[in-house]
Peer 1: 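Please read through the structure below; I'll follow up with questions.
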Amino acid sequence: MAYKTLITEIRDDVELIRLNRPDALNALNSQLLCELADAVTKADRDPKVRVIVITGSEKAFAAGADIKEMSEKTYADMATENFFTNDSNAILAARKPIIAAVSGYALGGGCELAMMCDFIIASDTAKFGQPEINLGIIAGLGGTQRLTRFVGKSKAMEMHLTGRFMDATEAERSGLVSRVVPAKNLLEDVMATAAKIAEKSAISVASAKEAVNRSYETTLTEGVLFERRAFYALFATEDQKEGMAAFLEKRAPQFRDK
Ligand code: CAA
């Protein structure tokens, strides 16, 4: 599939997906989300890819769902199209880690897309917000649920009710992003982080992702039980033997995803 709204490339073991609708600050229209779902699904299946990075431009990661596309839609249109649901589910289904590299605006669906990734590294120019309230709607790609889990009820509620933006410093302080780096270093830093993950065993990386994500969906007791099962299961892999042998022999491990 040739993409019209994305630029994709594989650099080393990393699939770099750049949202590319510069005239609309990377607003998420149906075509972009459909292409993004396709690109993520293919990268997730591609043995040459170990980590996926989603980024935008310096000015905007994505300024939200496409308001022009949505403006004339009725309730019946949204409900019958099941607007955005299948494409966002495809992104959430990826087993490989996805890093959001956010510079500039990450608003509405853009903030929600970043939060669907496994973690966010932001540039010092990043601005996060859920300004849907200004349009007479609310977030529709998970923002009321995910932002609340990231930053807590009080701040999430304020952001959703006022539509105010959060800068990178506040986003880091609040736990929305894992790290803030200077804008000019963003991609280099994210690719270095992706490379570090790509060196690990893909089996333990997938297990770690699955177990951390499980903490969103279950009680502490059930989550710890889930983790324990996954932890025990990793002792059936050659990579566990290799990882521990390498530590004891004071050398770097050679993981083989087995
Ligand atoms: N949808 C469609 N087009 C958008 C857009 C969006 N979400 N955001 C920006 N654009 C377009 C603008 O219409 C403009 O296009 P034209 O040049 O053709 O007029 C172009 O991008 C540049 O935007 P601005 O001129 O507005 O740029 P700015 O620097 O003055 O302002 C901004 C930047 C503050 C991000 C402003 O564009 C803005 O407020 N955008 C809308 C943000 C928003 O409300 N997002 C939520 C959308 S709803 C949603 O996301 C629902 C959901 O949860 C799924």
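The figures here come from the full heavy-atom set of this structure, side chains too, leaving out hydrogens, waters and symmetry mates. Order of appearance sets the numbers: ligands from 1, and atoms from 1 within every ligand. We're numbering straight along the sequence, starting at 1. Because the structure is predicted, anything quoted here is derived from the model rather than measured.
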Peer 1: Of the protein's non-hydrogen atoms, which lies at the shortest distance from atom 28 (P) of ligand 1, and what is that distance?
Peer 2: K59 NZ, 4.1 Å

Peer 1: If you measure only the distance, is there a donor-acceptor pair under 3.5 Å linking the side chains of T193 and R179?
Peer 2: yes

Peer 1: Is a donor from one side chain sitting under 3.5 angstrom from an acceptor on the other, for D77 and T74?
Peer 2: yes

Peer 1: Would you mind running through ligand 1 and noting each atom that sits below 4.0 Å from a heavy atom of M70?
Peer 2: 48 (S)

Peer 1: Just how far is it from atom CG of L234 to atom OG of S201, taken to the nearest 0.5 Å?
Peer 2: 7.5 Å

Peer 1: Which residue owns the protein heavy atom closest to atom 2 (C) of ligand 1, what's the atom, and how far is it?
Peer 2: I67 N, 3.4 Å

Peer 1: Identify, by atom number and element, the atoms of ligand 1 in contact range of P131, meaning under 4.0 Å from any of its heavy atoms.
Peer 2: 43 (C), 44 (O), 45 (N)

Peer 1: Testing the basics here: between A62 and N26, what is the closest heavy-atom pair and its distance to 0.1 Å?
Peer 2: CB-O, 3.3 Å

Peer 1: Any nitrogen or oxygen of E132 lying under 3.5 Å from a nitrogen or oxygen in ligand 1? Just yes or no.
Peer 2: yes

Peer 1: Can you list the atoms of ligand 1 that are under 4.0 Å from a heavy atom of L135?
Peer 2: 44 (O), 47 (C), 48 (S)

Peer 1: Strictly less than 4.0 Å: does any protein heavy-atom distance to atom 54 (C) of ligand 1 fall in that range?
Peer 2: yes

Peer 1: Looking only at protein heavy atoms, which one is nearest to atom 16 (P) of ligand 1, and how far off is it?
Peer 2: K68 NZ, 4.4 Å

Peer 1: Do E58 and S103 have side-chain N/O donor and acceptor atoms under 3.5 Å apart?
Peer 2: no

Peer 1: To the nearest 0.1 Å, how far is atom 11 (C) of ligand 1 from its closest protein heavy atom, and which atom is that?
Peer 2: A24 CA, 3.8 Å

Peer 1: For atom 23 (O) of ligand 1, which candidate among I138, L141, L25, L113 provides the closest heavy atom?
Peer 2: L25

Peer 1: Tell me whether F84 has any N or O atom under 3.5 angstrom from an N or O of ligand 1.
Peer 2: no

Peer 1: Would G109 count as being in polar contact with ligand 1, using the rule that some N or O on each side must be under 3.5 angstrom apart?
Peer 2: yes

Peer 1: Distance to 0.1 Å, residue and atom name: give those for the protein heavy atom nearest to atom 47 (C) of ligand 1.
Peer 2: A65 O, 3.6 Å

Peer 1: Considering the heavy atoms of L107, write down every atom of ligand 1 situated less than 4.0 Å from one of them.
Peer 2: 35 (C), 42 (C)

Peer 1: Given G108, G104, A63, A62, which has its nearest heavy atom closest to atom 45 (N) of ligand 1?
Peer 2: A63

Peer 1: Answer with yes or no whether the hydrophobic clustering places L36 together with F83; edges join I, L, V, M, F, W, Y residues whose side-chain heavy atoms lie under 4.5 Å apart.
Peer 2: yes

Peer 1: Can you name the atoms of ligand 1, numbered from 1 with element, that are less than 4.0 Å from a heavy atom of D23?
Peer 2: 15 (O), 20 (C), 21 (O)

Peer 1: When you compare the side chains of T221 and T219, does any donor N or O come within less than 3.5 Å of an acceptor on the partner?
Peer 2: no

Peer 1: Can you tell me which portion of Q130 lies within the under-4.0 Å heavy-atom range of ligand 1? Options are side chain, backbone, both, or neither.
Peer 2: neither

Peer 1: Which atoms form the tightest heavy-atom contact between E112 and A139, and what is the distance?
Peer 2: OE2-CB, 3.2 Å

Peer 1: Side chain to side chain donor-acceptor pair (under 3.5 Å) for Y3 and D38? Distances and angles first, verdict last.
Peer 2: CA-CA 10 Å; Y3 300 126; D38 185 76; 2.6 Å; yes

Peer 1: How long is the gap from CG on D66 to CG on L28, to the nearest 0.5 Å?
Peer 2: 8.5 Å

Peer 1: Looking at K73 and E81, is there a salt bridge between them, counting it only when a charged N and a carboxylate O are closer than 4.0 Å?
Peer 2: yes

Peer 1: Could you list which atoms of ligand 1 come closer than 4.0 Å to a heavy atom of A139?
Peer 2: 53 (O)

Peer 1: L135 and I67: which non-hydrogen atoms are nearest, and at how many Å?
Peer 2: CD1-CD1, 3.8 Å

Peer 1: Of all the atoms in ligand 1, which lie at a distance below 4.0 Å from a heavy atom belonging to E112?
Peer 2: 52 (C), 53 (O), 54 (C)

